[in-house]
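Report on one structure; see the data block that follows.
Start at 1 and go down the list; that is how both ligands and their atoms are numbered.
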Amino acid sequence: MVSLDSPITIIRPEIIEFGVGTAERLGKWASDKGYARILVISDAFNAARVEALGLKGEITVFADVTPEPDTANLDKVLAAANAADAQLVVGFGGGSAMDLAKLAAVLAGSSQSLRDVVGPNKVHGPRRVALAQVPTTAGTGSEAGIRALVTDPETMAKLAVESIHMLADIAVIDPSLTFTVPARTTAATGVDAMAHCVEAFTNRKAHPMIDLYAIEGTRLVGKYLARAVKDGTDAEARAGLALASLYGGFCLGPVNTAGGHALAYPLGTRWHIAHGAANALIFPHVLAFNTPSVPEKTRAVMDALGRKTSDDVQSVFDAAYGFCADLGIEMKLSALGVPDSDLDAMADDAFVIRRLLDNNPRDLTHADIRSIYEAAY
Ligand SMILES: NC(=O)c1ccc[n+]([C@@H]2O[C@H](COP(=O)([O-])OP(=O)(O)OC[C@H]3O[C@@H](n4cnc5c(N)ncnc54)[C@H](O)[C@@H]3O)[C@@H](O)[C@H]2O)c1
Ligand SMILES: [Fe+2]
């Protein structure tokens, strides 16, 4: 286990703008920097309101980012980026758009391809373009981080690229951009933010310097997620979740997630279940499984979520399950169109995600993973 004297590296965007009404500050920042050719990487919904960013100059908008983007979607982004020859790349959307913006910023005009940069620290620097990130969901925290995830359609695995060269120069977090997120996506993305915090907090590599953000992010989700699901225009609740998402992003860099995300990934890559919805479905199972290894931290998590605290595996499971189910999230794999004949293959896929499983406070064997899928079915 890690202690307060263990080395850690903290990396943050140089500027973080936060608060309702901050979106248009991006335009002023870009003008002050003299960026005239700008490429905005976005999904269809956000591309239609790009004027919210107040950008001036020659602006190209890529509007075709798909949820849980795959390598084909990235190829389209890179073609657009090569053609635009921008000075500034802006990721404007959820994690999907922001992750592709990171890759566009380092791969466009580079001799490196995606395959060359998968893994940690493979990207050759320095980056030739500026990078700004503007999240429109409150979940991934990708605006603050150095990772990008793209699905490989052949292996149905997430390719993870990690590089300091993908760090944003500026992140503009305007909670009002999330008012339009539908209730279901609000619930799922909010649980994703919470899962980043909880999995970092209960992690083998958990560090006191990050625990602070992890437990506060969990508390913010406990306090505000149900409110935002009920009323999407509740500005205080949306701001609370935007902050939780950012704090989750702070957790991802130096600590990262663990068993929960490893078990959730096959649901997204094999069955296209939204990332947050997959995390929510897995969350109570892994939290309960881990309880004997991290009882005090599990109590702190349940307390932060405003639920009953306990060391008892079944009570932890019931409370965590209730938290997600009360948000209207579907908690049964069978109801999401996953055939039970796929559970073995899902367990095979999850079991090889060592970069995350090795962070889990309690060893998850292949059989443990298989039985969690069975229980979630
Ligand atoms: N880089 C990281 O550290 C990191 C961390 C976690 C997840 N991720 C990745 O992020 C992706 C998921 O991102 P996400 O959960 O933010 O979802 P998303 O970006 O895929 O967006 C989900 C849907 O919501 C829509 N949408 C986005 N903003 C909206 C708004 N304000 N109003 C209405 N609709 C809106 C999008 O068009 C899309 O259809 C996955 O690929 C996941 O692997 C990355
Ligand atoms: Fe996540």
Side-chain angles (χ1 to χ4, degrees), residues 11 23 41-50 52 63-71 73-74 91-103 133-152 157-163 166-168 171 173-200 217 228 232-233 238 241-242 244-246 248-258 260-269 272-280 282-283 353 356:
I11 303 166
I41 309 285
S42 199
D43 53 82
F45 180 88
N46 288 296
R49 56 171 180 172
V50 77
D64 283 337
V65 172
T66 52
E68 310 282 317
D70 63 7
T71 49
N73 199 213
L74 173 66
F92 182 39
S96 299
M98 292 190 286
D99 282 6
L100 293 193
K102 285 178 187 165
L103 291 166
Q133 297 286 19
V134 186
T136 65
T137 61
T140 71
S142 177
E143 66 273 13
I146 60 167
R147 290 203 186 90
L149 298 160
V150 182
T151 301
D152 180 346
K158 287 253 182 187
L159 302 170
V161 180
E162 182 182 321
S163 168
M166 297 196 303
L167 184 69
I173 304 162
D174 184 338
S176 69
L177 293 171
T178 67
F179 285 2
T180 48
V181 179
R184 268 182 65 173
T185 311
T186 299
T189 49
V191 173
D192 186 30
M194 186 265 288
H196 298 156
C197 293
V198 170
E199 290 177 43
T233 61
R238 289 295 195 184
L241 296 175
S245 178
L246 177 69
F250 289 169
C251 293
L252 292 179
V255 179
N256 210 359
T257 55
H261 268 63
L263 268 64
Y265 275 137
L267 279 59
T269 51
H272 304 287
I273 295 168
H275 179 74
N279 275 303
I282 294 298
F283 170 68
I353 311 179
L356 302 183

**Study point:** CD1-CG distance between I41 and L103, expressed to the nearest 0.5 angstrom
**Key:**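 The distance works out to 10.0 Å.
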**Study point:** Spacing of M98 atom CE and E143 atom CD [to the nearest 0.5 Å]
**Key:** 4.5 Å
Between the side chains of [X] and [Y], does any donor sit under 3.5 Å from an acceptor?
X    : Y    : result
N73  : D70  : no
S142 : K102 : yes
E199 : H261 : yes
S163 : R147 : no

Check your understanding: side-chain contact (heavy atoms from CB on, under 4.5 Å) between L246 and I173: does it pass, once the steps are laid out?
Key -> CA-CA 9 Å; L246 177 69; I173 304 162; 3.6 Å; yes
Check your understanding: Ignoring waters, how many protein N/O/S atoms are under 2.8 Å from the Fe ion (ligand 2)?
Key -> 4
Review point. Who pairs with I146 by side chain to side chain contact (heavy atoms under 4.5 Å, CB included), at least two apart in sequence or on another chain?
Key: I11, E162, L167
Using a 3.5 Å cut-off and no angle test, enumerate the donor-acceptor pairs between side-chain atoms of residues 262-269 and protein atoms at least two apart in sequence or in another chain.
{"residue": "T269", "atom": "OG1", "partner": "M156", "partner atom": "O", "Å": "2.8"}
{"residue": "T269", "atom": "OG1", "partner": "Y265", "partner atom": "O", "Å": "3.1"}

Revision key, fill the gap. Protein neighbours of ligand 1 with a heavy atom under 4.0 Å, given by chain and number, are D43, F45, N46, R49, P67, E68, P69, G94, G95, S96, D99, K102, T136, T137, T140, S142, R147, L149, K158, L177, T180, V181, T189, D192, H196, L252, H275
